[in-house]
Amino acid sequence: MFPARIRAGAPLALVLLALFGCSSAWGCTDTTAERGEAGVGVQAEDTSGRPLGVTAAVVDWRLEPHPQVPAEGDKVHFHYRFDGADRTPGPALDVCAVDKGRVALGCRTVYASEARPARDGVPADDEWLDVEHPEQVVGVLFIPNDQSHDRRTCAVDIKDGGGTHPPKPTRRGDQL
């Protein structure tokens, strides 16, 4: 009699395992890291807020027409450095032109690995930011959150995904 009860309950147990064993049993959760404090010079940090040993800094910036499209008017031309980065992937940080209220007017992501080594061997380069109102730009700031390593989400990989993800990329209009 006891074996008959086990056999009768076995299909129900398999259904429950199928329904819950592949979702909540893994305990997969996605969270987003807090955006770090933007600055002219920042310590790159991982999604836990731990420093990566790399400092990114805006060396200088100016408004001028891009040489390839001068008819489009002034753009933000800036130079930057990644101190402490080697030529391996390294961090990828958002950088934004901001107005006096620290509202982003134009942003892009720059990668330490794509910067050319300067005379002192430190990765350094220049980039351009397109902004609607260049006359409002008062500075160019880095955001310290490394954007280069974003894990798979739970929706994509219930077993190995999840965890803390970098903040969403910084966009025009974001308050920094």
Side-chain angles (χ1 to χ4, degrees), residues 30-153 155-156 163-176:
D30 288 308
T31 59
T32 302
E34 292 290 322
R35 182 179 290 154
E37 181 69 28
V40 172
V42 299
Q43 286 283 328
E45 58 187 45
D46 66 14
T47 55
S48 299
R50 290 186 300 260
L52 298 173
V54 175
T55 301
V58 175
V59 177
D60 65 18
W61 68 273
R62 63 188 165 277
L63 296 175
E64 61 185 355
H66 191 289
Q68 294 176 340
V69 285
E72 291 182 6
D74 282 345
K75 304 207 181 289
V76 180
H77 184 201
F78 67 98
H79 291 85
Y80 63 94
R81 296 172 54 98
F82 278 102
D83 289 299
D86 54 22
R87 297 301 294 169
T88 60
L93 302 181
D94 289 342
V95 62
C96 300
V98 297
D99 66 10
K100 64 182 178 182
R102 292 177 60 111
V103 173
L105 301 173
C107 302
R108 70 177 310 140
T109 303
V110 293
Y111 298 80
S113 61
E114 293 177 3
R116 299 179 300 253
R119 288 186 197 111
D120 59 2
V122 173
D125 214 337
D126 71 310
E127 286 289 345
W128 297 81
L129 292 168
D130 188 21
V131 297
E132 286 184 36
H133 300 286
E135 70 281 359
Q136 295 178 356
V137 176
V138 299
V140 178
L141 305 176
F142 269 107
I143 293 81
N145 306 90
D146 182 12
Q147 298 287 339
S148 67
H149 300 292
D150 195 5
R151 309 172 51 110
R152 292 179 290 204
T153 64
V156 172
T164 306
H165 302 275
K168 293 194 182 310
T170 312
R171 302 272 186 242
R172 183 175 288 161
D174 286 355
Q175 176 69 50
L176 303 179

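Every value quoted in this text rests on a predicted model; they were computed, and no experiment measured them.
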Next on the checklist: So, using side chain to side chain contact (heavy atoms under 4.5 Å, CB included) as the criterion, who are the partners of T31 when residues are at least two apart?
Outcome noted: T164

Item to check | Closest non-hydrogen atom pair between L63 and P134, with its separation | outcome: CD1-O, 3.3 Å

Item to check | Steps toward side chain to side chain contact (heavy atoms under 4.5 Å, CB included) verdict (Y80, V110) | outcome: CA-CA 9 Å; Y80 63 94; V110 293; 4.0 Å; yes

Item to check | Nearest heavy-atom neighbours spanning P67 and W128 | outcome: CD-CZ2, 3.5 Å

Under 3.5 Å donor-acceptor pairs involving side-chain atoms of residues 32-42, not counting sequence neighbours:
from: R35; atom 1: NH2; to: D174; atom 2: OD2; distance (Å): 3.3
from: E37; atom 1: OE2; to: R102; atom 2: NH2; distance (Å): 3.3

Checklist entry - Do you know which two heavy atoms are closest between C96 and L129, and how far apart they sit? => result C-CD1, 4.0 Å

Item to check | Side-chain donor or acceptor of R172 paired with backbone N/O of L105 under 3.5 Å | outcome: yes

Item to check | Test side chain to side chain contact (heavy atoms under 4.5 Å, CB included) applied to Q136 and K100, step by step | outcome: CA-CA 8 Å; Q136 295 178 356; K100 64 182 178 182; over 6 Å; no

Checklist entry - Does the side chain of Q147 pick up a donor-acceptor pair with the side chain of T109 at under 3.5 Å? => result no

Item to check | Shortest non-hydrogen separation from G101 to Q175 and the atoms involved | outcome: O-NE2, 2.7 Å

Checklist entry - Any side-chain donor-acceptor pair under 3.5 Å between H79 and D125? => result no

Next on the checklist: Strictly below 4.0 Å, N to O, side chains only: are K75 and E64 in salt-bridge contact?
Outcome noted: no

Item to check | Worked verdict on T170 versus C107 for side chain to side chain contact (heavy atoms under 4.5 Å, CB included) | outcome: CA-CA 7 Å; T170 312; C107 302; 3.8 Å; yes

Next on the checklist: Would you say that more than 12 heavy atoms from the other residues, nucleotides or ligands in this model lie under 6.0 Å from the CD of Q68, or not?
Outcome noted: no

Next on the checklist: Could you go through L93 and Y111, starting from their C-alpha distance and side-chain angles, then the distance that decides it, and tell me whether this counts as side chain to side chain contact (heavy atoms under 4.5 Å, CB included)?
Outcome noted: CA-CA 7 Å; L93 302 181; Y111 298 80; over 6 Å; no

Item to check | Heavy-atom pair of closest approach, residues V76 and V140 | outcome: CG1-CG2, 3.7 Å

